[in-house]
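Here is the structure we will look at.
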Amino acid sequence: MNGKRLARVRNMGFVAHIDAGKTTVTERVLFYAGKIHRMGEVHDGQATMDWMPQEQERGITITSAVTACAWNDHEIHIIDTPGHVDFTIEVERSLRVLDGAVMILCAVGGVQAQTETVWQQCMRYKVPIVAFVNKLDRLGADFDSVLAQMKDRLEIKPLPLQLPYYEGDNFRGVIDLIGWRLMLWDDESLGAMYDEYPIADDLLPAALQARDNLLEELADYDDEIMEIYLAGGVPEQKSIIDALRRLTLDNIIVPVLCGSALKNKGIQPLIDAVIDYLPSPREVKPIIAHNKKTGEEIPVDITSDGSLLGYVFKVYMDEGRRMVYLRLYSGTLNVGDDVYNTTRGTKEKIARLFLMHSHNKQRVEKASAGDIVAVVGLKDSITGDTISRNDDGVVLEPIEVLKPVISVAIEPKSSDASARLLQAMQKIMEEDPTIKVDEDPDTGQIILAGMGELHLEVAIDRFKTAFGVDINVGKPQVLYCSTIEKEAVSEVVFNKKIGEMEHTGQVEIVAKPNKRGIGNTFNLPQDINEGIRAHVSAGLEEACLADPMFGYEVVDIDVDVKKVIINDKTTTQGMKIASQMALQDAMKKAGVAQLEPIMELDAMSPEEYVGDVVGDLSSRKASIEGVIIKGKYHLIKAYVPLSSTFGYSTGLRSLTRGRGSFSMRFYGFDTV
């Protein structure tokens, strides 16, 4: 891919809280760009990007879907991501390979729980953002309130480039502050056509004030705009767009546009904003790879002439075929090429390459830097792996995967299904890193663990529909963890004959609690050889698999290895066992505390039922953080143990006569 084409490519995604309208916006973008010839609606199960039966049945996005379209001589690669908290991994791995994103907010709900989560994910990967306030046609829509929430809750600098325009209570179009025009959409053309008018006199005061605020903000960062602004003039449109682009790419400001996707209003300016303000592959923050052995940082030159470097961000089983989604950062990939998975040190072959349009595949013979493609032939590659031309040990940063928090016991309905279940277990874990399927060593039961009730429900459905395995399912169970309560010291000398060989090891450690959410950290002396070091680490990690009191996985502990005594009888296996025994002993001395997953919950309730909803949450051991008034509805924010949320959807509907709604996201672990 040459430099000119790279400059015209945009790899972007839509991210938002559930039901903010991501898929509806995507559908309109594809329709106006000529990629599809009929707009399907999410509520009818006809949306192009929601192709899975589980998505069509529930009217929500479950898996991230990839497509591409053309607009004004630019090539836009789009990933539509889920908004439900249970499928956060889909957003995480999409943002890992995207260059920019459009964050969609509901004009009524504003900044919601999952909005904050996706914002934090974008910031972790330094992904530039354009915001789109959707659903301005709905009763209770408040554009100014959404801007205030973005500023307060996300701690960002939102810069509105448009204002909503109403005729009475009807949302009709937008006032464009950059082009200085009123844009009204034609309902008969399904929003494909719009008319431009001068801004009417009665709208001028608000429009002038908004443009003045915009220019004042830009003047703080751009000398040319400052000079013109201080002189009382208005900079040229191109100068304003260029300044906005620079500040957006540096994550200093977030341009905000508005509209109503369901009513087909405001989409074309949003597509223009994707091109104007989001980066091409060569404008993103520097992509840094690492040498797996030395840790040396290696900057990646994003060009088709460079050395091949690709990143696996998704695996999907499609009608029995293993599809691997790949983002190419450098080089060119051809059908039939031999490649290396440098993460795993294995050689693989590219059998087929596809450009994806949701679930539809278009075969291609080659792909270049900047492309997002699906590959058949990569048998061992999983999410987070790096693909290169040679086994040079160069790897890209892996994806952060959260721990599962809820589980169910499953079993095949017949002995014939047992073998198919084992195969399906492996495949479903390759598809979704947040799903874990293991056999309980104490009971022999197969335990399916995931991020929430809906997550498990969809996984169980896929066992039946995608993999043809009928299973019986037990009741959901919360996955607990444990940690230690105080600091403890332990020294262990291990000396035992195992088989024909005597193994010896001696280790002294100090274990103390870590801050919640930090994870486990092991600090080993620098002067021990690599073989001993690896086995001591392995022993400590194995000790954390089950605490000595409850048998739960141990999290959030800090271990300092103070002494490693090595003599002529020391063996690596002896050191591993000594380390494991030392940490188990330290945990007994320190005392073990049981931890449970805590969820951040936002419940929307009509004003007259707020007391009942708060009372019900209190009975579920929730910590009520506050109540925010949003018109006739109130938003109750609370932290609640996951074990108390089972069946909450039914309970809330009952308390509010079917008018309440809620959303949750995983917050962290805390003591029971």
Side-chain angles (χ1 to χ4, degrees), residues 291-295 341-347 380 382 385 391 393 395 398 422 425-426 429 436-447 481-484 487-512 514 519-592:
N291 185 295
K292 194 165 64 172
K293 294 178 181 176
T294 65
N341 181 324
T342 50
T343 307
R344 307 194 173 278
T346 57
K347 188 176 180 180
D380 299 323
I382 61 171
D385 286 358
D391 189 13
V395 295
L422 290 173
M425 285 162 50
Q426 185 62 36
M429 284 192 288
K436 303 295 179 193
V437 192
D438 291 304
E439 184 176 303
D440 188 313
D442 298 325
T443 65
Q445 286 182 311
I446 296 173
I447 304 298
C481 292
S482 61
T483 192
I484 56 176
E487 184 175 309
V489 179
S490 176
E491 183 172 4
V492 166
V493 178
F494 176 78
N495 191 338
K496 189 174 182 179
K497 191 173 184 180
I498 303 174
E500 297 299 317
M501 186 174 177
E502 187 169 324
H503 291 278
T504 301
Q506 184 174 351
V507 175
E508 181 186 343
I509 67 165
V510 177
K512 53 181 179 283
N514 248 343
N520 297 333
T521 51
F522 305 134
N523 311 300
L524 282 74
Q526 295 297 318
D527 57 352
I528 57 175
N529 71 57
E530 196 62 37
I532 295 290
R533 172 186 288 273
H535 280 77
V536 170
S537 293
L540 296 175
E541 287 171 3
E542 286 188 16
C544 291
L545 294 177
D547 73 74
M549 183 174 292
F550 304 109
Y552 297 136
E553 183 181 355
V554 181
V555 298
D556 298 339
I557 64 169
D558 178 64
V559 180
D560 279 323
V561 179
K562 292 297 185 183
K563 282 196 296 188
V564 175
I565 309 298
I566 300 174
N567 54 45
D568 55 354
K569 293 184 178 180
T570 300
T571 62
T572 54
Q573 187 66 20
M575 294 303 300
K576 178 180 176 181
I577 297 171
S579 304
Q580 185 177 0
M581 292 173 64
L583 183 49
Q584 287 278 315
D585 180 58
M587 285 191 274
K588 288 178 186 175
K589 293 176 180 176
V592 177

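Atom set for the values below is all heavy atoms of this structure, side chains included, hydrogens, waters and symmetry mates excluded.
- Panel note: side chain R533, backbone D527; no donor-acceptor pair is recorded below 3.5 Å.
- Every residue meeting the salt bridge (Lys or Arg N to Asp or Glu O under 4.0 Å) condition with D385, not counting sequence neighbours, appears here in chain and number order: R344.
- Remark: E541 pairs with F522 by the side chain to side chain contact (heavy atoms under 4.5 Å, CB included) rule, at least two apart or across chains.
- Nearest approach of A578 to F494, heavy atoms of both residues: CB-CB, 4.0 Å.
- Expressed to the nearest 0.5 Å, how far CG of L540 lies from CD1 of I557 amounts to 8.0 Å.
- By the side-chain hydrogen bond (donor to acceptor under 3.5 Å, both in side chains) test, S482 is found to be paired with D547, residues two or more places apart in sequence or in another chain being considered.
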Would you list the atom pairs, donor with acceptor, under 3.5 Å between side chains in residues 582-591 and any protein atom, with sequence neighbours excluded?
residue	atom	partner	partner atom	Å
Q584	NE2	A543	O	2.8
Q584	NE2	A546	O	2.9
D585	OD2	S490	OG	2.6
D585	OD2	K589	NZ	3.2
K589	NZ	V489	O	3.0

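- Residues that satisfy the side chain to side chain contact (heavy atoms under 4.5 Å, CB included) test with P398, not counting sequence neighbours, are absent from this structure.
- Remark: K347 engages D338, Y340 in a side chain to side chain contact (heavy atoms under 4.5 Å, CB included) (not counting sequence neighbours).
- Contacts of E542 classified as salt bridge (Lys or Arg N to Asp or Glu O under 4.0 Å), with partners at least two apart in sequence or in another chain: K576.
- Rounded to the nearest 0.5 angstrom, T342 OG1 and D391 CG are separated by 7.5 Å.
- L524 and S537 get closest at one heavy-atom pair: CD2-OG, 3.6 Å.
- In this view, H503 and T571 satisfy the side-chain hydrogen bond (donor to acceptor under 3.5 Å, both in side chains) rule, not counting sequence neighbours.
- Side-chain atoms of M425 and L422, non-hydrogen and from C-beta on, do get closer than 4.5 Å to each other.
- For T570, the side chain to side chain contact (heavy atoms under 4.5 Å, CB included) test picks out I532, I566, N567, M575, with sequence neighbours left out.
- A 4.5 Å side-chain heavy-atom check between I577 and I498 finds at least one atom pair inside the cut-off.
- In this structure, S579 and I509 have side chains that are not in contact, with every pair of non-hydrogen atoms separated by 4.5 Å or more.
- Every residue two or more places apart in sequence or in another chain that forms a side-chain hydrogen bond (donor to acceptor under 3.5 Å, both in side chains) with E508 is listed here: K563.
- Considering CE of M549 and CD1 of I484, their distance stands at 12.5 Å, rounded to 0.5 Å.
- The closest donor-acceptor contact from the side chain of K562 to the backbone of V510 lies at 3.5 Å or more, if one exists at all.
- When the side-chain hydrogen bond (donor to acceptor under 3.5 Å, both in side chains) test is applied to E553, the partners found at least two apart in sequence or on another chain are K403.
- For the pair N514 and N520, the minimum side-chain heavy-atom distance is 4.5 Å or more.
- Residues passing the salt bridge (Lys or Arg N to Asp or Glu O under 4.0 Å) test with K512 are D558, D560, sequence neighbours excluded.
- Note that the CG atom of N495 and the OG1 atom of T504 stand 3.5 Å from one another [nearest 0.5 Å].
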